[in-house]
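Chain naming here is simple, since letters A, B, ... match the order of the sequence lines and numbering starts at 1 in each. This structure is a prediction, so every number in the text was calculated from the model and none was measured.
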Amino acid sequence: MDFRKICILIEQWVEKFNLAPKWVHLTFTLVAVYFFILIPSGWFFSYLKRKISADFQARVGPSTCGPSGLFQPMADFLKLLQKENRNEVSHTETLWLSIYSMIFYSTMPVIPLGSLVLLVDTEISAFIPFWATLVLALGTILLGLSRGAITGWYGGIRIAVQTLSGVFPAFICLLCAGVGMKSFQWSLWAKSQGFFPWSWNFLSNPFEFVAFIVFVMSGLVILAVSPLDGGFSMSDIHGNVSSFLHGRWLALYQFCRFYVFFMWSVVAVVLFLGAWVLPSWVYTLADGEHLKFIGIVELLFLLIKVFFLMLVIVWISCVTPVSRVDQITNFSWKILSPFALVALVGASVLFSWKTVGR
Amino acid sequence: MRLSILSGIFSYFGSVTSSIVSLTGSCMTVIPYLLRLGDNSKEITEGYPDPISSKIADDLPPRTRGFLFNNIDLCTGCEDCVRICPSRCIRVEAEQAGNSSKMWVSRFDIDFSKCVFCGLCVEVCHSESLVHTRQFEGAAYHLKELTEHFGRGQVTFEQREKWILLRKMVEDDEE
Amino acid sequence: MSYEYSMLELGPYHSSLPGPMRLRLNFDGETVSSCQVETGFLHRGLEKVCELHYWPGAIVYIDHLDPEAAIFGELVFCLAIENIAELIIPARARAIRIILSELARISSHLFYFVRVAKTVGSETLVHYALRDREKILDLFELLTGARFSINFLRFGGVNADVTEGFIEKVFEVCDLMQLRTKEYNDLFTFNRSFLKRTACLAPLSMDQVLNFGITGPNARASGFDFDVRKRFSYLAYDQVDFLVPLGLGQAGMIGDVHDRFTVRLREIAQSSEIIKQILDNLPDGDYINPSVNLNSVIPPGESYSRVESSRGLLGCHVVSEGLAFLNRVQFRVPSMANFEIIPHLLKKIHIEDVPIVLASLDLSVAERDR
């Protein structure tokens, strides 16, 4: 068997693949997204977060594992995978873990990752990530309630209360972002924004800016990302629903927490921060063959913006103390929701004024 | 009624503005650390053992109370250090050597698993044989390795014979 | 569920507690309805051990009374035995003792910030305060030979004179602390989230201060103007000009957690002032009274001495019968009163705020249990 014959075999395989039904394409794309986008993003973000927090705190951060500590997240992940669970996993805990996996694998196709990987581009595709966050909250609540002890029970109730308070302003901001859009398709949002910051949605009018800030903060509230940890912080004293997790379940749990934060940031960037749109001269250069390459560039550009947003949140969390759950819900109901409502009303009034004026 | 609504609105917006201002202020204080400006050009922590920045024994101040060292040639076997040690970690066995002015310190063990490095034994030692080195890396795998032996060892049979002969000679001279 | 009381038992080993102690909390929903504190897990028989060694060996053990600021235990013990012997301490020794005390006070308060910041959730201040504390520990090593258990004070003075380079480094550290307190203020003290977390939380009323005998920064934060350095002046404190910070209630209520934090910040600034004044006029002379050495025996008598440690009033009662070993050494520790007030302070506190209240009291289990 020489090299030529192997190439011919591969070409034949690829041709057959092109003739395969669509679900095969989809599966392979999902696997590719999982292994080549999500896991590297998680790795890279975890490394950046630890390095940048270390810089703020005058520490070194990860430095020994790999060149300047680059392999540290993978080393931690592998270490967790090798550990066994301390107790037998009961049936309710299995239920919770299946819910977590459900969110993870079902919302992966919905995330808009550039024109190359836009798998679910329907009129309501912007609402589906919300479903993911609500189901995540449900799973965590069930896990907490199933524990029976004070720590788990109260932990579950806290998560429920916090999530509910965050969902209300988040939905309103989503509606505000979609004011003037015909439907909630990802590609429409990409078309309505440009490459430069002044053409992005969040600077189009002050109400949209307010909506952007409120959207990001309500995302932090729903997903309990620090500094608005609330129900997930200080796990030992007041009951974190996940304090019993060890080993592989802990690895899955940590990855899911990263994933929902990542998903929320991608949605925020697509809605408000210009999506994946490259300068217009790039598109004029493209013809049919180069579209895939441009799709990859768009994806990278989107990921850069997403990481930037996530790292700004990491910056704020390094500096700010953690708030109590009732302070977070207070904040969400009394400050985020009125601002979201005002933003929605203002943006709608502005839009109708513009259209009526025509 | 109107005043309370207005003041309520003002305090609401005041609290929102003060939150944003204090948050930006806090965020700005850490920027010099990120950009390594001025004082903060180097991190405080270091990987150990870092060949460039880790402290070695010679970097420490001269008074540092590290591991002890006993120069057995100067030691007189007076056992002052044994008496003053608060942790009772020194064991000394000494006897007169053949020549009556010298002491043969056959055993001088310091158990560093008990030593608190207080330095009282060094202060009390008038022949200045017991000193603090600046060594601080003394981790060992077994507890027995933490006991340092500074003594000369047990007197051999031949040596004891020699001493008996020496004493006999001195007694004969005196007679 | 809200009508039943639920119970949470923390300890003896728990990351949110200041040391080995058991805390039994009864809840009414989310708030604490009552709590029981059990201590004694760290009892090491320190007072008994002081009767079994000569006084130099006793000083080594007394270092471990409050490991974070070992000088205060040594100081109060040395003052007591010097009272019995009616010994005069040379002026230089007194100055060195004051410098060490104030440095230890700054170091102890910095570690307090570390604990409070950790419970509130701000990791940045933890590392900044630890970094500054390292400089003070390096100063201790330069002067005494050890970072924590300094074993430096002796009956009649101190063990050795200042080394070269020590005075310059102390001036540097004092100037640095002035800068750092400003940085901590910008970063943390008036941060909105910190204010929300600590304002009007667990205020210590004046009645409680007087009834329980709370002293130190906790009492001064509630407005009780009592500082042993001013009231029962010892060493050369009456020749130094300094203010005693009281709680101002900047977050809304005098004596809350925020006040206890800011009082300690201002005490650091005052300690830097004291050190600078002492160093500017450092007297020459002996560092120890020449008539005493390690073999001195304490004459018969009984004495009680007080110092202002970083946590409050630290007292020592010494009874000597003129023998080689002391007859009785007993310490009055400030953490005793702080532990007694815990059940009263923790009433109606959210469960999430319990670690913050515990950290704000500057508890030391080692001191309490001796």
Separation of C/Ile356 CD1 from A/Arg324 CZ (nearest 0.5 Å) = 8.0 Å

Does atom NZ of A/Lys49 have more than 12 heavy-atom neighbours, drawn from other residues, nucleotides or ligands, at distances under 6.0 Å?
-> no

Ranked by heavy-atom pairs below 4.5 Å to chain A, first place among C/Glu123, C/Arg192, C/His350 goes to C/His350

If you draw a 6.0 Å radius around CZ in C/Phe190, do more than 12 non-hydrogen atoms from other residues or ligands fall strictly inside?
-> yes

Mind checking the CD-CZ spacing from A/Gln327 to C/Arg197? Nearest 0.5 Å is all I need.
-> 6.0 Å

From CD (A/Gln57) to CG (C/Leu130), nearest 0.5 Å | 10.5 Å

A/Val319 versus C/Asn191, closest heavy-atom pair with distance | O-ND2, 3.7 Å

Any idea which heavy atoms bring C/Ser122 and A/Cys318 closest together, and the distance?
-> OG-O, 4.4 Å

Count the heavy atoms of every other residue, nucleotide or ligand shown that sit under 6.0 Å from CZ of A/Phe44, and state whether that count exceeds 12.
-> no

Reported OG1-to-CZ distance for the pair C/Thr124 and A/Arg59, which is rounded to 0.5 angstrom = 9.0 Å

Neighbours of chain C found in residues 65-74 of chain A - heavy atoms under 4.5 Å | none

Around atom NZ of C/Lys347, are there more than 12 heavy atoms of other residues, nucleotides or ligands at under 6.0 Å?
-> yes

For residues A/Pro321 and C/Phe188, report the shortest heavy-atom separation together with the two atoms involved.
-> CG-CE1, 3.9 Å

Where on C/Tyr128 is there a heavy atom nearer than 4.5 Å to chain A: the side chain, the backbone, both, or neither?
-> side chain

Is the count of non-hydrogen atoms from other residues, nucleotides or ligands lying under 6.0 Å from C/Lys169 atom NZ greater than 12?
-> no

